[in-house]
Amino acid sequence: MPRHTAAELTRINQKFYESLWGGSRLVDPGRFNTWPMVRELAMALPRRLEVAPGLRPRLPLDGTCFVDISQKALAGLRALGASAIRGAITALPCPDAGFDLICALDILEHVLDDDKALRELSRVAAADARLLLSVPLHMSAWSGFDEFVGHYRRYEPAQIADRLAAHGWSIEQSAVYGMQPASSTLLGLGQWYLTHRRERALWWYNHVIMPLGLRLQKPLRWQGGMAAAGPGVDELLLLCRRA
């Protein structure tokens, strides 16, 4: 696990994602395999917040409040009429108990003080709110790519369940999740190109890799409670309920 300070993690994340979003186009939420669940939730829960969506939002653009630290992501969201404000998951610029549906994908692992992040998500959640959260699993699966993209940790399944319970969340459903390639060689090649040939790498990402990944997505297979998460499961998507 990396030993970065909070300031170093912020700098790594901002450098990587500002560059990524600067060369990317926004992908409509309806193109992700999360959409069937999200659409059903959004119809019932109108007060919605998505934290750190970048240009890959999962909640509907219309009617959702988006919070991100990336100026380029905020500009892309606003260009399509979304309500987007600058802020971090550890200090959300949002009122207490203001949201019925909160989405925070691919963010908790980037934060040094994840307890503070979970406290903030809990603070802005209304009674009986839902939280859609994704977490990468198993420190044994840690790779150089985790550090390259600004991860601080991976979670063990029991660990994240206990963390959520401590903040008043129960896991209602879960699904195996993630679009990361299984090949370490392919990940290493992508990392090299992003480091040494960033413009070319982003062109391939936007025009080939991302569209292909979206096309090859499999429907999410939701299970009650925490899904079985053996060594071959890299990431889980959790639907939690506020007690």
Novice: First locate atom CD of Gln159, then atom CG of Leu164, and finally report the distance between them rounded to the nearest 0.5 Å.
Specialist: 10.5 Å
Novice: For Ala73 versus Leu55, what's the shortest heavy-atom pair and its separation?
Specialist: O-CD2, 3.7 Å
Novice: Do Arg241 and Trp169 form a cation-pi contact, if we require the NZ or CZ to be under 6.0 Å from the six-membered ring centre and within 45 degrees of the ring's axis?
Specialist: no
Novice: What's the spacing between Arg86 CZ and Gln71 CD if we round to 0.5 Å?
Specialist: 5.0 Å
Novice: Check for a donor-acceptor pair, side chain of Asp68 on one end and backbone N or O of Leu74 on the other, with a separation under 3.5 Å.
Specialist: no
Novice: Tabulate below the donor-acceptor pairs under 3.5 Å that side-chain atoms of residues 87-94 make, not counting sequence neighbours, or state none.
Specialist:
none

Novice: Mind checking the CG-OG spacing from Leu61 to Ser83? Nearest 0.5 Å is all I need.
Specialist: 11.0 Å
Novice: Could you check whether any side-chain heavy atom of Val176 comes within less than 4.5 Å of a side-chain heavy atom of Leu236, counting everything from C-beta outward?
Specialist: yes
Novice: Would you sort out whether His110 and His151 count as a side chain to side chain contact (heavy atoms under 4.5 Å, CB included), showing the intermediate values?
Specialist: CA-CA 4 Å; His110 291 269; His151 289 178; 3.4 Å; yes
Novice: Evaluate the side chain to side chain contact (heavy atoms under 4.5 Å, CB included) criterion for residues Leu108 and Arg153: first the C-alpha distance (whole Å), next the side-chain angles of each, then the deciding distance (0.1 Å), finally the verdict.
Specialist: CA-CA 9 Å; Leu108 203 60; Arg153 68 180 65 74; 5.5 Å; no
Novice: Quick one: does Arg78's side chain have a donor or acceptor within less than 3.5 Å of a partner on Ala84's backbone?
Specialist: yes
Novice: Of all heavy-atom pairs between Glu235 and Ser134, which one has the smallest distance, and what is that distance?
Specialist: OE2-OG, 3.5 Å
Novice: For residues Trp222 and Leu237, determine if any side-chain heavy atom of one lies less than 4.5 Å from a side-chain heavy atom of the other.
Specialist: yes
Novice: Answer yes or no: does atom CG of Asp113 have more than 12 heavy-atom neighbours from other residues, nucleotides or ligands under 6.0 Å?
Specialist: yes
Novice: Take Arg242 and Leu131 through the side chain to side chain contact (heavy atoms under 4.5 Å, CB included) test and state the conclusion after the steps.
Specialist: CA-CA 8 Å; Arg242 181 80 170 139; Leu131 169 65; over 6 Å; no
Novice: Just to verify, what does Glu109 make a salt bridge (charged side-chain N to carboxylate O under 4.0 Å, His left out) with, not counting sequence neighbours?
Specialist: none
Novice: Identify the two heavy atoms, one from Leu137 and one from Arg154, that lie closest to each other, and give their separation to 0.1 Å.
Specialist: O-NH1, 2.9 Å
Novice: Judged by atom type as modelled, is there a donor-acceptor pair below 3.5 Å linking the side chain of Gln217 to the main-chain atoms of Asn33?
Specialist: yes
Novice: Quick check against the 3.5 Å criterion: does Thr64 have a side-chain atom that pairs as donor or acceptor with the backbone of Leu59?
Specialist: no
Novice: Taking all heavy atoms of Val27 and all of Arg56, pick out the closest pair and write down the distance.
Specialist: CG2-NH1, 3.5 Å
Novice: To the closest 0.5 Å, what do you measure between CG (Leu133) and CG (Leu105)?
Specialist: 7.5 Å
Novice: Indicate the atoms forming the closest heavy-atom contact of Leu77 with Gly54, along with that distance.
Specialist: CD1-O, 3.8 Å
Novice: Tell me which pairs pass salt bridge (Lys or Arg N to Asp or Glu O under 4.0 Å) where either residue lies in residues 26-53, with sequence neighbours left out.
Specialist: Arg47-Asp100
Novice: Hey, could you give me the CD1/OG distance between Ile102 and Ser122, rounded to the nearest 0.5 Å?
Specialist: 8.0 Å
Novice: Any sub-3.5 Å donor-acceptor pair from Arg130's side-chain atoms to Asp128's backbone N or O?
Specialist: yes
Novice: Looking at Ser174 and Gly225, would you say the former's side chain and the latter's main chain have a donor-acceptor pair under 3.5 Å?
Specialist: yes
Novice: Looking only at heavy atoms, which two atoms of Trp35 and Pro60 are closest? And how far apart?
Specialist: CH2-CG, 3.9 Å
Novice: Could you give the distance from NE2 (His167) to CZ (Arg123), rounded to the nearest 0.5 Å?
Specialist: 13.5 Å
Novice: Assess whether side chain to side chain contact (heavy atoms under 4.5 Å, CB included) is satisfied between Asp114 and Tyr152, documenting all intermediate values.
Specialist: CA-CA 10 Å; Asp114 57 344; Tyr152 184 75; over 6 Å; no
